[in-house]
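Let me begin by presenting the structure, written as structure tokens, before commenting on it.
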Amino acid sequence: MPAPKKAAEEIQALREQINRHNYLYYVLDAPEIGDAEYDRLFQRLVELEGKYPELVTPDSPTQRVGAAPLEAFGTVRHMFPMLSLNNAFEVAELQEFDRRVKTFADLPPGEVITYVAELKIDGLATCLRYEDGLLVSAATRGDGAVGEDVTQNVRTIKTIPLRWLSGSALPGTVEVRGEVHLQRSEFERINKEQEAKGEATFANPRNAAAGSVRQLDSRITAKRRLNFFAYEVRAAEPRFPTHSQGLQRLREAGFPVNPHSKTIEGIDEVAAYCLDWQQRQGELDYNVDGVVVKVDEIAIQNRAGWVSRSPRWAIAYKFPAEEALTVVRDILVSVGRTGVLTPVAIMEPVFVDGSTVQRATLHNEDELRRKDVRVGDTVVIRKAGDVIPEVVRVLPEKRTGKEKKFAFPNKCPACGGPAVRPEGEVAYRCLNPACPAQVRGNLEHWGSRGALDIVGLGEQTVEALVSNGLVKDVADLYTLTKEQVKGLERFADKSADNLVRAIEGSRSPTLARFIYGLGIRHVGDHVAEVLAEHLGTVEKFLEASAADLSQVSEVGPVIAASVEEYVRNPGSRALVAKLLSVGVRPQPVRKAEVTEGPFVGKTVVFTGGLSSLTRQEAERLVKNQGGRISSSVSKETDYVVAGDKPGSKHEKALKLGVRVLSEEEFLRMGRTAEH
DNA sequence: CGCCCTCGAGTTCC
DNA sequence: CTCGAGGGCG
């Protein structure tokens, strides 16, 4: 039996009323009706929807109670990458930021820029996707490009509209970014509850919010009153000329936008806002860790541009981090895989900012001297960034005279061999290539994610393999048998099998991973990729010369010399030969032969800044399509791509009559060729 | 040569 | 995340 029209109308009316009261209650904190009245409306809606299940829609307020647990989270690709921000810790850095914006946006130094200052909520950056005004997905930040799908959990957050308020929706697909967080009062309530249940408590509101959003059972999430502040709206076509107008529209659409966000003229007033809230942060019922400052006008934002993955037109002013006092019990020296000696302070365990800390790097001899850290000293520590502990300074007034100055060793603590600090460098290095610390480090590196990606070959396993004499170098891994591994402590049948299988599975790495895995000085994953692309095969790699390599973009004299030295060294040649003989087969780089297209056999030169892709991406595009890159313009040059603020190369191109392309024209040529 | 940016390498805790 | 150092450009 179809639902009567009257029921449908009543349901619609109830939803509108409930949404409105939700908004008044949760977002504006100004309810117009009492709880009993609200419950009556809600119950009536539940009743009608129970009677006519075909009328239940995903944006109904009854759909916020959570759903059955998930097995695992899926992933969502963000429409626009979620960027990271540069930090400022002092007013001077804000002024430097202001100066840079003007430089890059071509504005006179005297110009007064309009900024928007927003409190930086200490929660979880979350990206909501709406299609024609209806919430379709919610994702965590993840790596910036792809995040975890937490839609079920986010639907339970009462302040997040399941549908934009009528009349305010932007058509098409729109992303709303914001911060999911917990109020301090709610955090305390949850912890009391956890305690009563005998379950683990959360260290701070951020961890509690993160734990709640990453709950596989959204019914648990629904019981925690998570909150949300929206701070950005993005659509394929920019809809607003200023950031503040975007925020205004979010407010109109029913999103909670932080009430303290403020449009401010000039950086000096922005700095005053930052310092003011630094003082007053305790007045808020949620944690903030700073202020985000954005250029208001989108046109200026675009002119200021981006550096790598962070915008030049925004900065995070960070409040001073929580600090704690502790005592240095000892200073140890660790030896990395490259033989670098790094001093580490071992401290009385102390709780700072969500976790208990007892180690902190002291970086190197110079840093240690600068801070003058001695064993027995009382030190101030804090978290640099979110996790890494840092010794800020020593409190000399706490000294008793019994503290011991640390003498930096000139012997390697791992092998006892000589350690030297080359002129002009900050690090001491152990010179013994057979040093057990380096041997272990090389093995771990070989198995690491960016290299051969051997799951299970961690620190513990490497230690066990080496100390039992089963493995001396990375090639030995490939002749390990399950029986040998089973003889080790902690290795049962199953885990031994897993390890041997994981090693087997790594026999055909890409050439880039293979080169990276060898651990050549100055060759990280990126440079390894560049080298592999240029060399193509492991045979060519073994013949690499500095003269040839330094022609390659991104490879300078230092890297070129380092690689040549590696491939000439008899020890490393022997290792590569051994790897090949035990059946490791680095895959030659397959270059699809491009025979037609606009760039085949052409030489291209870039000048000026590109906006929609990086210089390196553009160069790769040309190379993939059979072209060559050159750094200077001559009559041999076929195209000069002139980006923003082109330099002298542009003039030279005009003089020589070389074809000049705009970024747009270049992209069009590249794209048509890709199909 | 100086500036800006990116990369490499080392590090902590759960 | 942070430091130091390498590479590219003007």
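Lettering of chains follows the sequences in order, A, B, ..., and the numbering in each one begins at 1. Source: prediction; values computed, not measured.
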Atom [atom1] of [X] and atom [atom2] of [N]: how far apart are they, to the nearest Å?
X	N	atom1	atom2	result
A:Ile520	B:dG8	CD1	P	12 Å
A:Glu554	C:dC9	CD	P	10 Å
A:Ile388	B:dT12	CD1	P	8 Å
A:Asn364	B:dG10	CG	C1'	11 Å
A:Leu368	C:dC3	CG	P	15 Å
A:Ile346	B:dC13	CD1	C1'	14 Å
A:Trp446	B:dA9	CH2	P	16 Å
A:Lys318	C:dT2	NZ	C1'	13 Å

Legend entry - Phosphate contact (B:dC7 OP1 or OP2) by A:Arg521 side-chain N/O below 4.0 Å: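 For A:Arg521, the contact criterion (side-chain N or O under 4.0 Å from OP1 or OP2 of B:dC7) is not met.
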Legend entry - A:Thr342 vs B:dT11: side-chain N/O to OP1/OP2 distance below 4.0 Å: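 Answer yes for this pair, as a side-chain N or O of A:Thr342 is under 4.0 Å from OP1 or OP2.
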Check: [X] side chain, [Y] main-chain N or O, donor-acceptor pair, under 3.5 Å:
X	Y	value
A:Thr126	A:Leu124	yes
A:Arg312	A:Ala304	yes
A:Glu93	A:Ala88	no

Inset, instruction - Mind checking A:Gln358 for me? I need base, sugar-phosphate or nothing, with any heavy atom below 4.0 Å counting as a touch. - result: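 It contacts sugar-phosphate atoms only.
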Inset, instruction - Indicate, with a heavy-atom threshold strictly under 4.0 Å, whether A:His363 touches base, sugar-phosphate, or nothing. - result: nothing
When you measure from the side chain of [X], which nucleotide among [options] comes out closest?
X	options	value
A:Val426	C:dG4, B:dT11, B:dG10	C:dG4
A:Val340	B:dC14, B:dG10, B:dC7	B:dG10
A:Val558	B:dC13, C:dG8, C:dG6	C:dG6
A:His526	C:dG4, B:dG8, C:dG7	B:dG8
A:Thr338	B:dA9, B:dT11, C:dG4	B:dA9
A:Ile559	C:dG4, B:dT11, C:dG6	C:dG6
A:Ser334	C:dG4, B:dT11, C:dG8	B:dT11
A:Ser355	B:dG10, B:dC14, B:dC5	B:dC14

Inset, instruction - Considering only NZ, NE, NH1 and NH2 on the basic side and carboxylate oxygens on the acidic side, decide whether A:Glu444 and A:Arg440 come within less than 4.0 Å. - result: no
Legend entry - A:Arg421/A:Asp366 ion pair, N-O < 4.0 Å: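 Looking at A:Asp366 together with A:Arg421, the answer is yes, because their closest N to O distance falls below 4.0 Å.
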Inset, instruction - Just do the ring pair (Phe, Tyr, Trp, His ring centres under 6.0 Å) check on A:Phe187 and A:Phe202 with the steps written out, would you? - result: CA-CA 8 Å; A:Phe187 159 70; A:Phe202 295 102; 7.6 Å; no
Inset, instruction - Between A:Arg359 and A:Gly519, name the one whose nearest nucleotide on DNA chain B is closer to the 5' end. - result: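 Per heavy-atom nearest nucleotide, the more 5' residue is A:Gly519.
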Inset, instruction - Map A:Val344 and A:Arg337 onto DNA chain B by nearest heavy atom, then report which one ends up closer to the 5' terminus. - result: A:Arg337
